[in-house]
Q: 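Here it is, the structure, as structure tokens.
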Amino acid sequence: MLRSLGQRRVAVGDEDVRVAELRAAVSRLQRRLAALPADFPDRAIAEDELADLAAMAGHGVPEAPRLRRSLLLIAGAIGSVSALAPGLAEVRRAVELFADPPRG
């Protein structure tokens with residue numbers, strides 16, 4: 001499985017492993033957010049951006065700049081909701097898999 005930047009992309013069947021990891025991380029965070037009883041001002045923004053990420057992951061390999069933009073919006077919307085921090089970290093790690101490899 002792809003775990004760090006600079007490793008080659010590995011596909012399972014026809015699917016890029018990075019896409020599978022992104023889809024799984026987004027799904028877990030969506031479930032955690034849905035189960036959170038507390039309401040906060042930007043919850044709808046987080047839900048919308050997670051839905052966008054899920055859609056991007058469902059349509060092939062997404063563009064890294066768009067992924068980073070969504071991640072920033074989600075992080076800003078979730079703010080300091082500590083119950084969602086582990087899920088947000090998983091999504092961040094999955095987004096980082098799409099970063100360009102270091103040039104050398």
Q: Is it possible for you to say whether L50 and I45 belong to one hydrophobic cluster, with membership spreading through side-chain heavy-atom contacts below 4.5 Å?
A: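 No, it is not one cluster - the side chains of L50 and I45 are not joined through contacts under 4.5 Å.
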Q: How long is the span from the CZ atom in R92 to the CG atom in L72, to the nearest 0.5 Å?
A: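 Going from CZ on R92 over to CG on L72, the span is 11.5 Å.
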Q: Do L71 and V81 belong together in a cluster built from hydrophobic side chains that touch within less than 4.5 Å?
A: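 Yes; tracing contacts between hydrophobic side chains, which count when under 4.5 Å, links both residues.
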Q: When rounded to the nearest 0.5 angstrom, what is the spacing between CD in E47 and CG in D52?
A: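 These two atoms lie 12.0 Å from each other.
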Q: Nearest 0.5 Å, what's the CD-CZ distance between E96 and R68?
A: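 Those atoms lie 10.0 Å apart.
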Q: Tell me which pairs pass side chain to side chain donor-acceptor pair (under 3.5 Å) where either residue lies in residues 70-79, with sequence neighbours left out.
A: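 Listed by first then second residue: E49-S70, R66-S70.
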Q: Less than 4.5 Å apart, side chain to side chain, heavy atoms only: is that true for D42 and I78?
A: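 They are not in contact (no side-chain heavy atoms under 4.5 Å apart), so the answer is no.
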Q: Heavy atoms, side chains only, cut-off 4.5 Å: are L36 and R43 in contact?
A: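 Yes, their side chains come closer than 4.5 Å.
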Q: For A46 versus L33, what's the shortest heavy-atom pair and its separation?
A: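 Minimum heavy-atom contact is CB-CD2, 4.1 Å.
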Q: Over all heavy atoms of both residues, which pair between R18 and L97 is shortest? Give the atoms and the distance, please.
A: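 Nearest heavy atoms, R18 then L97: CD-O, 3.3 Å.
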Q: Which pair of heavy atoms, one from P86 and one from A83, lies closest together, and at what distance?
A: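 Here P86 and A83 meet closest at CD-O, 3.8 Å.
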Q: Can you give me the closest heavy-atom contact between V19 and F98, atom names plus distance?
A: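 Here V19 and F98 meet closest at N-CZ, 3.8 Å.
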Q: Please find the pair of heavy atoms, one from R31 and one from S27, that lie closest to each other, and give the distance.
A: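 Scanning both residues, the minimum pair turns out to be NH1-OG, 2.7 Å.
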Q: Within the 4.5 Å heavy-atom criterion, are L53 and L29 side-chain neighbours or not?
A: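 L53 does not reach L29 side chain to side chain.
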